[in-house]
Protein chains: 2
Amino acid sequence: MVTKKELILKSGLELFATEGYTATSTNKIAQKAGVSESLIFRHFYNKEGLLKAIFEEGEQAFKALYSNIIEEKDPMMVVAKTIELPLDLATEHHEFWRLQFRLKWELQHMNPDKTKPLIEKLTEAFAKLNYKSPAQEARFLSCYLEGLASQTLLGGAFDEKETKAFLFSKYNLV
Amino acid sequence: MVTKKELILKSGLELFATEGYTATSTNKIAQKAGVSESLIFRHFYNKEGLLKAIFEEGEQAFKALYSNIIEEKDPMMVVAKTIELPLDLATEHHEFWRLQFRLKWELQHMNPDKTKPLIEKLTEAFAKLNYKSPAQEARFLSCYLEGLASQTLLGGAFDEKETKAFLFSKYNLV
DNA sequence: CATAAAAGTAAGTGCTCACTCACAAATTTA
DNA sequence: TAAATTTGTGAGTGAGCACTTACTTTTATG
């Protein structure tokens, strides 16, 4: 059974992700969820409270995605898994990731850099693979992934297999 | 002499770029520009009209920046100039570029892909330089640049010289 | 210099916003 | 089962929103 609280969270995520935080009214969220507007405030105190609750929910998915890479021992697999990140991202948790990218620009304050541990892990991997400038390589790859993710989430289609094959050959993987 | 119309354009750009389009009220813009709110509507018809006017102004800078690359004959210089793009971007027309990136997420509708001619030029350059997959290389580089620009505009500092040197050696330039 | 056009403003307009309040129904607990 | 707590709602509330109107001042023009 799905509670009304969960319906609000779901509607909030969808609307914030597609229309933006400021542009989405609490009234619209309530209508979409099929509940009274006041219930939003009973459960989440205010609009920002709802946003924070949505964020905390998604944070789990975030950590799961990253920890899979952080815990990897084989440096080649670290690079490979990192490259595959934005390819999955297009389908899985699509909405949550759109929200993340959107809010990075809309509300700069609630955006601590979550990619830091990934970049450190990548640096370590490139070092083990004897790259000349592992830190620069890590930064380079992470910038590329951010750009690709951004384009993907904004609706730009691309050939996943071709892109993956290209990157794997570029980094001498598998 | 700076006209009141220009003051509105300037204030609008600054506020839209830092706070976002939806979150910025016409009242706030008028106060920042030191004019009456109604003057905005006299000059630009409505809020969206002001945004479009700001965009058209910035479009000039955009074209200048790109045409410098498009008209370049030497393929190595094409790649070199492309790499240098996000490095200048941090200082020159900083505010306009923040607006561009912000609005790409906030108002998806007014975002036709302006990078297409650049990507085509890059593909051509990589082909001349005998890269195996010039189209993929062009897309790869443009994604990286988008990611770097995004991080730069959001305030993430980085060593310009070091990054440039790294990229130049990666692409065997100069 | 007279007149028309352009630039500028103060004071609204109706509407939507996030949020509150008083109260009712459902659920839990003693 | 009675009381207390939680979950839910409809009907507001003031504030801020984009925008209009009626009017004045400045500038350009014949």
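Heavy atoms only: backbone and side chains are in, while hydrogens, waters and symmetry mates are out. In this text the structure is predicted, and so the values were computed from the model without any measurement. Just so we're on the same page: letters track the sequence lines, and every chain starts at 1.
At least one side-chain nitrogen or oxygen of B:Lys4 sits closer than 4.0 Å to the OP1 or OP2 atom of C:dT9. In this structure, A:His43 does not reach the D:dT6 phosphate: none of its side-chain N or O atoms is under 4.0 Å from OP1 or OP2. Between A:Thr26 and C:dA18 there is a side-chain N or O to OP1 or OP2 distance below 4.0 Å.
With hydrogens and angles left out, the side chain of B:Ser38 and the base of C:dA10 share a donor-acceptor pair within 3.5 Å.
For the pair A:Met1 CE and D:dT7 P, the computed distance is 12 Å after rounding to whole Å. Atom-to-atom, CD1 of B:Ile40 to P of C:dT9 comes out at 11 Å; the value is rounded to the nearest Å. Atom pair A:Glu37:CD and D:dT7:C1' shows a separation of 17 Å (rounding to whole Å applied). Note: NZ (A:Lys47) to C1' (C:dT20) measures 17 Å, nearest angstrom. Between the P atom of D:dT6 and the NZ atom of A:Lys5 lies a distance of 12 Å, rounded to the nearest Å. If you measure from atom CG of B:Leu7 to atom P of C:dT9, you get 11 Å, rounded to the nearest angstrom. We find that CG of A:Leu39 is positioned 11 Å from C1' of D:dT6, with the value rounded to whole Å. Taking atom CG of B:Leu50 as the reference point, atom P of D:dC17 lies 15 Å away to the nearest angstrom.
Across all strands shown, A:Thr3 has no heavy atoms under 4.0 Å from either base or sugar-phosphate atoms. Looking at heavy-atom distances under 4.0 Å, A:Thr24 makes contact with sugar-phosphate atoms alone, never a base.
Of the listed nucleotides (C:dC19, D:dT9, C:dA7), D:dT9 has the atom at the smallest distance from the side chain of A:Arg42. Side-chain atoms of A:Ser25 lie closest to C:dA18 of the nucleotides C:dA18, C:dC23, D:dC19. Listed nucleotides: D:dC19, C:dC23, C:dC19. Nearest to the side chain of B:Phe41: D:dC19. Of the candidates C:dG8, D:dC19, D:dC17, C:dG8 carries the atom nearest the B:Ser36 side chain, counting heavy atoms from C-beta on.
Note: B:Leu129 CG to B:Tyr171 OH = 11.5 Å, rounded to the nearest 0.5 Å.
Remark: B:Lys47 is positioned above the aromatic ring of B:Tyr21, its terminal NZ or CZ atom under 6.0 angstrom from the ring centre and at most 45 degrees off the axis. Judged by the 6.0 Å and 45° rule, B:Lys104 forms a cation-pi pair with B:Phe101. Seen from the ring of A:Phe62, A:Lys114 counts as a face-on cation partner, given the 6.0 Å and 45° thresholds.
B:Tyr131 and B:Phe126 have perpendicular rings, their planes meeting at more than 60° on a 0 to 90° scale where under 30° would count as parallel.
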